[in-house]
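Inspection log for the structure reproduced underneath, given as structure tokens.
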Amino acid sequence: MQVRREAPRRIKGTLMIKGRSQRWLAQQCGFESHSYIGRILAGKVTTVTADTAVKLAAVLEIPLDDLFVPKVSSTSYRSGKQREVAA
């Protein structure tokens, strides 16, 4: 899933309001290190797995759609179009 442009700011703000750290968020999500969270907050990570997105949103109690955009594969789109044309 693609990380929304405003997601890092939203995550930082939520952590600040809750009085929590990146390390706490990483632990709650089951990550071994908080560096991944730091890279997301710095804007260096632009896509995450669906599992990671769900964990982050759930722990922060933020709707998934507020933080991430589903990434649609161009190949699945093309295959669907080919099937439509063939039918």
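Heavy atoms only: backbone and side chains are in, while hydrogens, waters and symmetry mates are out.
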May I ask you to test the L25-R20 pair for a side-chain heavy-atom distance under 4.5 Å?
no

Should we count CD of E6 as having more than 12 external heavy atoms under 6.0 Å?
yes

For the student: nearest non-hydrogen atoms of T14 and L60, plus distance:
CG2-O, 3.7 Å

Is it the case that more than 12 heavy atoms not belonging to K18 sit under 6.0 Å from its NZ atom?
yes

Straight-line distance of S21 OG to M16 CE, nearest 0.5 Å:
13.5 Å

Show every donor-acceptor pair shorter than 3.5 Å between a side-chain atom in residues 48-58 and any protein atom, with sequence neighbours excluded, or say none if there are none.
unit_1	atom_1	unit_2	atom_2	d
T49	OG1	T52	N	3.1
T49	OG1	T52	OG1	3.0
D51	OD2	K55	NZ	3.4

With rounding to the nearest 0.5 angstrom, report the CZ to NE2 distance, R39 to H34.
10.5 Å

Could you see if V69 belongs to whatever hydrophobic cluster contains L64? Use Ile, Leu, Val, Met, Phe, Trp, Tyr and a side-chain cutoff under 4.5 Å.
no

Minimum heavy-atom distance T47-V3, with the two atoms named
N-CG2, 4.1 Å

Nearest heavy-atom approach of R4 to D66 is CD-O, 3.5 Å

Of the non-hydrogen atoms in L67 and R10, which two are nearest, and what is the gap between them?
CD2-CG, 4.0 Å

Just how far is it from atom OG of S35 to atom NZ of K44, taken to the nearest 0.5 Å?
10.5 Å

Where at least one partner belongs to residues 11-31, residue pairs that pass ring-ring contact (aromatic ring centres under 6.0 Å, His included), sequence neighbours excluded
F31-Y36

